[in-house]
Each structure stands twice: as C-alpha cells, then as structure tokens.
Amino acid sequence: MYNAFYGGRGLFAGGVAAGVPVGELMVPGSQRRVLKDVLPFSAFLMDSFGRRHNYLRISLTEKCNLRCQYCMPQEGVTLTPRSQLLTAEELLMLARLFVREGVNKIRLTGGEPLIRPDVLPIIAELRKLEGLQTIAVTTNGMNLTRLLPSLKKAGVDLLNISLDTLVPAKFEFIARRKGFHKVMEGIEKAIEMGYNPVKVNCVVMRGLNEDELIDFVSLTERKPFDVRFIEYMPFDGNRWNFKMMVSYQEMLDFIKQKWPNLVPVPGEETDTAKAFRVPGFRGQLGFITSMSDNFCGSCNRLRITADGNLKVCLFGNSEVSLRDFLRSGATEEELLHIIGAAIGRKKKQHAGMFNISQMKNRPMILIGG
C-alpha cells in the first residue's frame, strides 16, 4: 500500500527527520493497533513487503558473565578479536544514521551489555539523538543493582531482565553460574527506582522450568512486572530439541487452569508478545511465540552485532558487515544504500523451526539477545 501510494522504494532516498508523527487505528476484531503514516518513512528502512523498521537492537559485546544453556554452547564461543569489534564512535555513528532515517527505539543487548566499560557514556550519547524516543537495555541483571542509578541518569527508559527460574539451585544449573540473588536484587531495585513495567524474560524449556509458570505469573499480582514467556528457539550450539519446546498454546492452557478468566491486553501491531492480564493483578504476562506462531509479518526490528554486522532477521544467516564498509571510508549515503539493499532482501518470514534448527547461524550470545 505504501509503495503504491508513494511510488516505491527510493523516492525518499534522503530519508526524513526522525520522530515522524503517526496516527493509529484499531483493526476491527483485532487486539492490535496499527500505526498509520502521516509523513513518509525512509525508503532505506522499508522492505519489499512494506514493513517499516524503526527498532534497532545493538549488541555492545559478545562477552557475558553467565553461560545460559539456551544462549551459549557448553564449550563456550570463540570471541571476536577486540580490533574487529565496533568502537563506541563507530557504534554511535551508525546509531545516528539509523535514527536520522526513522529509527525511534534502540535496545542495547550483548552478550551482557552492562559489562562493557563504556556502556554509560554510550547511553548518554544516544540520549542526545533527536528523534530517538526510547532507549532499552536487555540484561541478565547481575550488575544491575550497582549500575541502575547511573543507567537511569544516563537515559535508559526500559529494562528487560532475563530470569528463567525462581529456584536458586535451578538458576545455577541453567546459567552454569551462581547469581540468582543478585538478579532478584536488581529486579527489586528497578521497581524501587520507578521502572514500570519491569519486563522479565523467561525462556521456557520442558523438563527444566515449565513447572514454574504459575509462580512467574503470581509475580504480577502486586508488582508492575511484565513476565514474558519465550518459546525455546534453535541457535548454534544450544542443542535445541523440539521435545524441549513448550508452545504458547500449551503454556496458555496450563495458566488458564489456574486463572480461567485471563484476559487479552491490546497491543501495538509490531509487538512481539501476545499479552494477557489476570483481572485485579497489577502487572501482566505475555508469550513470545517465535516458533509456533511467528510474527514476521509485522517485524520492525533490525540487529547490529558487536562486530558490526547487520542482521535483518534473527533467524536468518545472511549478514552485511557495516564495520568493513565504515572502515573502508564509505560515505553515509553509500552506507544507506548498503543498508537499504540488505533490508530489501529481507524475506517474508523465517524458515520455520525445523528448518532453522538445521541452518548455520550464530549462537545467540553472538547475535544479541
């Protein structure tokens, strides 16, 4: 529809100012609001299916202080030499370029982003970008209590904290490290400092933690948690097995045995989670259904890995090295055409969980969780 109205890709090759005002419509019979253009969106960030990519995830580091089973192979990963990782200056240059073209949300990931020494000045510089509405951080929470006051001061708007179990011994088994109490302390600190909601990401794996669904939902009763149950996804080295995946429908049915009056919560068209609330509870819960019910049709996300590769799909194995073009002296205009070409090749949807499990891709830790 956009291409027909505006004449296709390339008409607005110079981009438009970020922070473009948008209206919104409710689709009849739908729980999701659909954004409606008021001004055109940069053609460079629009794919051939009309999806507008206004959300950029940037991995700050490949390193992590945990070794979660679903994220990192048991034998570990070979880290990229430091000289081949993006510098803060390169990262910020790319961020400025994407924001200028219409990205209004940036999420910082890892590895574990909070172990990067210059994470605070990077966030402070991102905060200065006109048109960038939201800075989010996904963290394992290990360093959160210590850094949270500085993170808030630097400009972090949203926090996603990974927590796959409420049992300390099980935490150590899944993460292959101790640290449960540190993570819980960080979560409580986030609430204390006014983050609302505090998103808690829980990867559900059969035989490990699917018996804790009710306990996690109970967290939302008195505190502003948004607990998000994530279907177990295949990545290199995590020994994904279909039998370990607990589907969204199975999780929902199980939770409804306890709370049959669970109600859907309306969301945006581009939301990754199907959201629900127990009536009377302060927080909510959601399901990220990448495997059993993908949301590729409304995908608005791009990823830049710590070594500077652009990934247009989490599950795709095609990448473009923006770092190499940057270091070879590419102009901003040339970079935009490289980015636009990569986005233009983005497929309609991922290959499906069984095909993905056979494809060569990075371990999750080297992509950016």
Can you confirm whether [X] sits close enough to [Y] that some side-chain heavy atom of one is under 4.5 Å from a side-chain heavy atom of the other?
X: Leu151; Y: Ile123; answer: yes
X: Phe173; Y: Thr165; answer: no
X: Leu97; Y: Val103; answer: no
X: Thr87; Y: Leu92; answer: no
X: Val227; Y: Asn201; answer: no
X: Glu210; Y: Met251; answer: no
X: Ile161; Y: Asn140; answer: no
X: Ile106; Y: Phe98; answer: no

Partner of His53 under side-chain hydrogen bond (donor to acceptor under 3.5 Å, both in side chains), chosen from Lys346, Arg301, Glu101: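 For His53, the side-chain hydrogen bond (donor to acceptor under 3.5 Å, both in side chains) check succeeds only for Lys346.
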I'd like to know if the side chain of [X] pairs up with that of [Y] as donor and acceptor (distance under 3.5 Å, no hydrogens or angles considered).
X: Thr139; Y: Glu112; value: yes
X: Arg107; Y: Thr138; value: yes
X: Glu62; Y: Thr80; value: yes
X: Gln284; Y: Thr220; value: no

Do [X] and [Y] belong to the same hydrophobic cluster, where Ile, Leu, Val, Met, Phe, Trp and Tyr are linked whenever their side-chain heavy atoms lie under 4.5 Å apart, directly or via other members?
X: Met142; Y: Val167; answer: no
X: Leu56; Y: Leu85; answer: no
X: Leu108; Y: Leu66; answer: yes
X: Leu163; Y: Leu158; answer: no
X: Leu262; Y: Val200; answer: yes

Reference residue Tyr248; test side-chain contact (heavy atoms from CB on, under 4.5 Å); the match among Ile230, Thr289, Ile288: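 Passing option: Thr289.
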Matching residue for Lys258 among Val217, Ile214, Leu213 - test: side-chain contact (heavy atoms from CB on, under 4.5 Å):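 Only one of Val217, Ile214, Leu213 forms a side-chain contact (heavy atoms from CB on, under 4.5 Å) with Lys258, namely Ile214.
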Does [X] count as lying over the ring of [Y], i.e. NZ or CZ under 6.0 Å from the six-ring centre, within 45 degrees of the axis?
X: Lys152; Y: Tyr195; result: yes
X: Lys105; Y: Tyr55; result: yes
X: Lys199; Y: Phe225; result: no

Short N-O contact, [X] and [Y], less than 4.0 angstrom:
X: Arg82; Y: Asp307; result: no
X: Asp226; Y: Arg277; result: no
X: Glu250; Y: Arg206; result: yes
X: Lys182; Y: Glu185; result: no
X: Arg100; Y: Glu130; result: no

Verdict with supporting geometry, Gln257 and Asp253, side chain to side chain donor-acceptor pair (under 3.5 Å): CA-CA 7 Å; Gln257 291 179 27; Asp253 290 345; over 6 Å; no
Parallel, tilted or perpendicular: ring planes of Phe229 versus Phe287, cut at 30 and 60 degrees: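 Answer is tilted, since the angle falls between 30° and 60°.
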Asp164, Asp215, Asp211 screened by salt bridge (charged side-chain N to carboxylate O under 4.0 Å, His left out) with Lys170, the one that passes: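 For Lys170, the salt bridge (charged side-chain N to carboxylate O under 4.0 Å, His left out) test succeeds with only one of Asp164, Asp215, Asp211, which is Asp211.
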Drop me the distance from [X]'s [atom1] to [Y]'s [atom2], to the nearest 0.5 angstrom.
X: Ile339; Y: Ile304; atom1: CD1; atom2: CD1; value: 7.0 Å
X: Ile191; Y: Asn196; atom1: CD1; atom2: CG; value: 8.5 Å
X: Leu310; Y: Leu94; atom1: CG; atom2: CG; value: 9.0 Å

Quick check against the 3.5 Å criterion: does [X] have a side-chain atom that pairs as donor or acceptor with the backbone of [Y]?
X: Arg127; Y: Gly155; answer: yes
X: Glu269; Y: Ser298; answer: no
X: Arg177; Y: Ile174; answer: no
X: Arg57; Y: Arg303; answer: no
X: Asp271; Y: Ala273; answer: no

Steps toward side-chain contact (heavy atoms from CB on, under 4.5 Å) verdict (Arg345, Val312): CA-CA 9 Å; Arg345 293 191 296 270; Val312 298; over 6 Å; no
CA sep, side-chain torsions, deciding dist, call: Phe276, Trp259, ring pair (Phe, Tyr, Trp, His ring centres under 6.0 Å): CA-CA 11 Å; Phe276 294 83; Trp259 292 287; over 10 Å; no
Of all the heavy-atom pairs spanning [X] and [Y], show the shortest one and how long it is.
X: Ala154; Y: Leu120; result: CB-O, 4.0 Å
X: Leu86; Y: Thr305; result: CD1-O, 4.1 Å
X: Asn300; Y: Arg52; result: CB-O, 3.2 Å
X: Asp118; Y: Arg116; result: OD1-NE, 2.6 Å
X: Gly111; Y: Ser59; result: N-OG, 4.3 Å
X: Val263; Y: Pro279; result: CG1-CG, 4.4 Å

Stepwise side-chain contact (heavy atoms from CB on, under 4.5 Å) test for Arg327 and Arg323: CA-CA 6 Å; Arg327 294 182 182 180; Arg323 177 204 65 205; 3.5 Å; yes
Stepwise side chain to side chain donor-acceptor pair (under 3.5 Å) check, Glu231 with Ser247: CA-CA 6 Å; Glu231 291 180 339; Ser247 72; 5.2 Å; no
